[in-house]
Each structure stands twice: as structure tokens, then as C-alpha cells.
Peer 1: 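What follows is a single structure, and I will ask about it in a moment.
Just so you know, these numbers come straight off a predicted model, no measurement behind them. Counting from 1, the numbers follow the sequence of the chain as shown.
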Amino acid sequence: MEQPIFTTRAHVFQIDPSTKKNWVPASKQAVTVSYFYDSTRNSYRIISVDGAKVIINSTITPNMTFTKTSQKFGQWADSRANTVFGLGFPSEQQLTKFAEKFQEVKEAAKLARDRSQEKIETSSNHSQESGRETPSSTRASSVNGTDDEKASHGGPAEAHLKSENDKLKIALAQSSSNVKKWETELQSLRESNARLSTALQESAASIEHWKKQFSACKEENDQLRGKIEELEEQCNEINKEKERNAQLSRRLQELETELQDKELELEELRKQGEIIPELMSECESVSEQLQAAEKKNKDLEEKVRTLRTEVEENKHRQTNLKTELKNFLDVLDGKIDELHDFRQGLSKLGVDN
């Protein structure tokens with residue numbers, strides 16, 4: 001059973017298989033990276049899983065070396081996986097701990113390999129010694145005396161040979177078991193490599209997908225910018241239209257003020273006509289003229305109201321309104337001049353009478 005002996009978190013990268021230079025992200029975010037120890041195989045592995053995808057499955061051998069390439073980044077090459085793994089850590093302290101653990105596990109793997117070689121050499125030596133002792137025991141038993149003596153001398157040698165044969169059988173069984181384990185591990189590594197290749201292809205496809213989405217977003221962003229510019233132009237036109245409306249409103253207020261002034265002048269003329277009772281008969285004509293003027297004034301007021309309505313409905317008629325108001329003022333001034341002349345004529349008539 002494999003048990004985790006050290007765990008940390010880091011961003012995982014793999015070397016680009018085509019260029020052998022650029023790093024390709026194997027995880028979108030920081031993931032868990034762990035050292036595992038297999039007590040049955042006496043081996044160590046670095047394993048990392050992102051969701052349901054295995055992104056690191058590297059068996060540590062004594063020939064591996066972990067290299068710090070920066071304050072927060074380190075890498076190691078895995079010849080079995082035919083790739084180079086890179087880890088980016090949040091801090092230099094975590095990188096140092098991981099590197100120290102790598103060195104420690106590497107020494108343990110080297111020690112386990114040396115012990116395995118010693119066991120194989122010891123078994124081989126025992127087998128050779130038993131092969132050398134068998135003919136000497138046979139010769140000793142054939143030279144010395146009777147069959148009973150042969151039996152007495154041959155019994156311990158046969159027991160020793162049997163013991164050595166049992167040991168060789170056990171060693172052979174262990175060797176066969178180790179071969180099966182190595183075959184199983186090799187198959188596991190092949191499957192892991194196949195999964196890693198599939199994951200790499202999926203990552204490349206995902207990168208292409210994100211590139212297409214980025215291009216689509218960029219086009220949409222350009223379209224939105226164009227719409228925003230159009231809206232800004234429309235807002236500028238609206239502001240200009242509001243400014244023109246404000247100018248027309250101010251001009252209309254000025255015209256209304258002028259009209260009120262003219263009405264006050266007419267009211268003054270009425271009062272002046274009422275204070276001359278002696279000239280009542282002669283002023284009838286003046287009154288008629290005044291009534292006509294009032295009627296015309298009312299007509300002009302109606303025209304002004306019409307013009308005001310037309311201004312509100314269509315502001316482009318301002319030029320026509322100015323012309324009509326100017327004509328109205330000219331007529332009104334003419335009438336006032338006529339009334340003034342008429343008043344002077346009445347004054348002269350009064351003096352003559």
C-alpha cells in the first residue's frame with residue numbers, strides 16, 4: 001500500500017514536447033503535489049491529480065536530480081515519462097522543503113537499490129558455494145570407509161544442500177515476484193504515460209478553444225466600442241438640440257416681455273383717451289381706430305400664440321416668427337405714430353376752438 005509522506009501545493013508545468021524549451025501549464029491553478037512510499041515495492045513516487053486527471057506520476061530513481069531554476073521554481077527530468085516536470089511554489093521556503101525531501105527520497109531509493117543488489121549477490125554467492133561443496137562432499141564420502149560412514153558423513157551435506165536449495169527457490173520466487181511487480185509497474189507507467197499524453201492533447205485543445213473564445217470576445221469588444229462611439233455621437237447631437245431649444249425658449253421669453261410692454265403702452269393710450277370728455281365726439285373716430293388697433297392687437301396676439309405653438313411644434317420656423325413679429329412691431333409703431341399725430345391734431349383743433 002502506498003502512503004503519502006510529504007504534501008505541498010504548487011502550479012504544475014511540463015516541457016513542450018515539440019520545442020523542448022517552453023513550459024506548458026498542466027494545471028489551471030495550484031494543486032496538491034505529494035510524495036508516496038510503496039512499502040511492497042520499496043519505491044517512491046511523486047503524484048499530483050487535478051480533479052480526475054493525473055498530471056504527475058513520476059517514480060523517483062537515484063539518477064534523478066531536482067534543480068532550482070529560480071527562487072520559487074524547480075524542475076526535474078523523468079526519463080520513463082519522457083518529459084520534464086516543473087513546479088512553481090508560492091514561496092521560496094516551500095521550494096526548499098520540496099527540494100530537501102526530493103534529495104532525501106532519492107537517497108532512500110538509492111539505498112533500497114543497493115540493498116536489493118546485495119541480496120541478489122548474496123543469493124548468487126550461496127548458489128556458487130553450494131555448487132562447489134557438493135563434489136567435495138561426494139569425494140569425501142567415497143574415500144572414507146564403509147556405507148555407514150558414508151551415510152554419517154553425507155547426511156549433514158545433504159541437509160545443507162537442501163537448505164541452500166530452499167533458499168535458492170525462495171530467492172527465485174522472490175525474483176519472479178519482483179519481475180511481475182516490475183512488469184505491473186511498467187504497465188502502470190505505460191498507462192500513466194498514455195493518460196498523460198491524452199491529458200496533454202486535451203490541454204492543447206483547451207488552449208485552442210480559449211484562443212477562439214478570446215478572439216470572439218475581442219471582436220465583440222470592438223463591436224461594443226463602435227456602438228459606444230455611436231451612442232456618444234447621438235448624445236452630442238441631443239445636447240446640441242437641447243442647447244438650441246434653450247436659446248429659442250429665451251428668445252420667446254424676450255418676445256413675450258416686449259409684447260407686455262406694448263400692451264402697457266396701449267393701456268396708457270386708453271387712459272389718455274378717457275381724460276378728454278370734451279373731445280368725446282371727435283374721439284369716437286379715435287376709439288374706432290383704437291378698437292381697430294385692439295382688434296389688430298388681438299389678431300396679432302393670436303398670431304403670436306399661433307407662432308408660439310408653431311415654435312413648440314417645430315423650432316425650425318423661428319425665422320418666420322421673427323419676420324412676423326418685426327412686421328407686427330412696424331405696424332404697431334405706425335399705429336402709435338398715427339395716434340400721436342392724431343392727438344396733436346386734436347390738440348391743435350382744441351386750441352383753434
Peer 1: Do R308 and V304 have side chains that get closer than 4.5 Å, going by heavy atoms?
Peer 2: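 A side-chain contact under 4.5 Å exists here.
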
Peer 1: If we only count heavy atoms from C-beta on, is the T83 to I15 side-chain gap below 4.5 Å?
Peer 2: yes

Peer 1: Mind listing the closest non-hydrogen atom pair of Y44 and A109 along with its distance?
Peer 2: CE1-N, 4.1 Å

Peer 1: When you measure from the side chain of N314 to the backbone N and O of E310, does any donor-acceptor pair fall under 3.5 Å?
Peer 2: no

Peer 1: Hey, could you give me each pair passing ring-ring contact (aromatic ring centres under 6.0 Å, His included) that has a residue in residues 13-33? Not counting sequence neighbours.
Peer 2: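 Only F13-F73, W23-F73 qualify under ring-ring contact (aromatic ring centres under 6.0 Å, His included).
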
Peer 1: For V31 versus S27, what's the shortest heavy-atom pair and its separation?
Peer 2: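 That closest heavy-atom pairing would be CG1-CB, 3.9 Å.
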
Peer 1: Run the salt-bridge test on K303 and E324 with the 4.0 Å N-O cut-off and return the result as yes or no.
Peer 2: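 Not counted as a salt bridge, because no side-chain N and carboxylate O are separated by less than 4.0 Å.
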
Peer 1: To the nearest 0.5 angstrom, please state how far the CG atom of N57 sits from the CZ atom of R80.
Peer 2: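 So the CG of N57 and the CZ of R80 are separated by 10.5 Å.
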
Peer 1: Do K262 and D333 come within less than 4.5 Å of each other through their side chains, counting heavy atoms only?
Peer 2: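 The answer is yes, as the side chains (C-beta and beyond) meet within the 4.5 Å cut-off.
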
Peer 1: Just wondering, do D50 and V12 contact through their side chains at under 4.5 Å, heavy atoms?
Peer 2: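 No, their side chains stay 4.5 Å or more apart.
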
Peer 1: For the atom pair CG (L325) and CD (E254), what is the distance rounded to the nearest 0.5 Å?
Peer 2: 11.5 Å

Peer 1: Holding to side-chain hydrogen bond (donor to acceptor under 3.5 Å, both in side chains), I want the full list of residues that pass it with N297, two or more places apart in sequence or in another chain.
Peer 2: none

Peer 1: Taking atom CD of Q71 as the centre, does the number of heavy atoms from other residues, nucleotides or ligands within less than 6.0 Å exceed 12?
Peer 2: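 No, the 6.0 Å shell around CD holds no more than 12 heavy atoms from other groups.
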
Peer 1: Can you check whether K20 reaches V84 side chain to side chain, under 4.5 Å on heavy atoms?
Peer 2: no

Peer 1: Can you tell me how far apart OG (S58) and CD1 (I46) are? Round to the nearest 0.5 Å.
Peer 2: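 It is 5.5 Å, given to the nearest 0.5 Å.
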
Peer 1: Step by step, work out the side-chain contact (heavy atoms from CB on, under 4.5 Å) result for E265 and L332.
Peer 2: CA-CA 11 Å; E265 289 179 1; L332 189 60; 5.7 Å; no

Peer 1: Of V54, V33, T8, which is the lone residue that meets side chain to side chain contact (heavy atoms under 4.5 Å, CB included) with S48?
Peer 2: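 The option that passes is V33.
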
Peer 1: May I ask you to say whether K240 pairs ionically with E243, meaning some side-chain N is under 4.0 Å from a carboxylate O?
Peer 2: no

Peer 1: Enter the distance from R45:CZ to D78:CG here, rounded to the nearest 0.5 Å.
Peer 2: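 The CZ atom of R45 sits 11.0 Å away from the CG atom of D78.
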
Peer 1: Can you name the residues that form a side chain to side chain contact (heavy atoms under 4.5 Å, CB included) with E104, not counting sequence neighbours?
Peer 2: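 Side chain to side chain contact (heavy atoms under 4.5 Å, CB included) list for E104, sorted by chain: K101.
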
Peer 1: Does E301 pair with K298 as a salt bridge, N-O distance under 4.0 Å?
Peer 2: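 Not counted as a salt bridge, because no side-chain N and carboxylate O are separated by less than 4.0 Å.
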
Peer 1: With a 6.0 Å cut-off (strictly less than), is the heavy-atom count around NZ of K335, excluding the residue itself, greater than 12?
Peer 2: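 It does not: K335 NZ has 12 such atoms or fewer within range.
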
Peer 1: List the atom of K110, the atom of P62, and the distance in Å for their closest heavy-atom pair.
Peer 2: CA-CG, 3.5 Å

Peer 1: Mind checking whether Y37 and F6 sit in one hydrophobic cluster, side chains of I, L, V, M, F, W, Y counted as touching below 4.5 Å?
Peer 2: yes

Peer 1: Between D341 and Q344, does the side-chain contact (heavy atoms from CB on, under 4.5 Å) criterion hold? Intermediate values first, please.
Peer 2: CA-CA 5 Å; D341 294 339; Q344 288 180 354; 4.2 Å; yes

Peer 1: Taking side-chain hydrogen bond (donor to acceptor under 3.5 Å, both in side chains) as the definition, give me every residue that meets it alongside R9, ordered by chain and number, with sequence neighbours left out.
Peer 2: T32

Peer 1: Take atom CZ in R115; do more than 12 heavy atoms of anything else shown fall under 6.0 Å from it?
Peer 2: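 No - once you tally the heavy atoms of other residues, nucleotides and ligands closer than 6.0 Å, there are 12 at most.
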
Peer 1: Quiz question: by atom type and distance under 3.5 Å, do the side chains of E107 and Q103 form a donor-acceptor pair?
Peer 2: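 Note: E107 and Q103 side chains meet the donor-acceptor criterion.
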
Peer 1: Above 12 or not: heavy atoms from other molecules or residues under 6.0 Å from NZ of K68?
Peer 2: yes

Peer 1: List the steps, then state whether side-chain contact (heavy atoms from CB on, under 4.5 Å) holds for I56 with L87.
Peer 2: CA-CA 11 Å; I56 298 180; L87 297 179; 4.0 Å; yes

Peer 1: Between F102 and I5, is there a shared hydrophobic cluster once you connect ILVMFWY residues whose side-chain heavy atoms come closer than 4.5 Å?
Peer 2: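 Yes, F102 and I5 fall within the same hydrophobic cluster.
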
Peer 1: Check step by step if side-chain contact (heavy atoms from CB on, under 4.5 Å) holds for K315 and N245.
Peer 2: CA-CA 8 Å; K315 300 223 171 104; N245 291 338; 2.8 Å; yes

Peer 1: Rounded to the nearest 0.5 Å, what separation is found between the CD atom of Q75 and the CD atom of Q14?
Peer 2: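 Between Q75 CD and Q14 CD, I get 12.5 Å after rounding to 0.5 Å.
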
Peer 1: When you compare the side chain of W76 with that of I60, does any pair of heavy atoms fall below 4.5 Å?
Peer 2: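 The answer is no; the side chains never approach within 4.5 Å.
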
Peer 1: Are R251 and Q247 close enough that some pair of their side-chain heavy atoms sits under 4.5 Å apart?
Peer 2: no

Peer 1: Should the pair E267-R270 be classified as a salt bridge under the 4.0 Å nitrogen-to-oxygen rule?
Peer 2: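 Answer for the salt bridge query: yes.
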
Peer 1: Strictly by ring-ring contact (aromatic ring centres under 6.0 Å, His included), give each pair with a member in residues 282-303 just once, sequence neighbours left out.
Peer 2: none

Peer 1: Atom OG1 in T65, atom NZ in K106: separation rounded to 0.5 Å?
Peer 2: 4.0 Å

Peer 1: Any non-hydrogen side-chain atom of F85 less than 4.5 Å from a side-chain atom of I55?
Peer 2: no

Peer 1: List in chain and number order the residues that pass ring-ring contact (aromatic ring centres under 6.0 Å, His included) with F98, two or more places apart in sequence or in another chain; answer none if no residue qualifies.
Peer 2: Y35, F66, F89

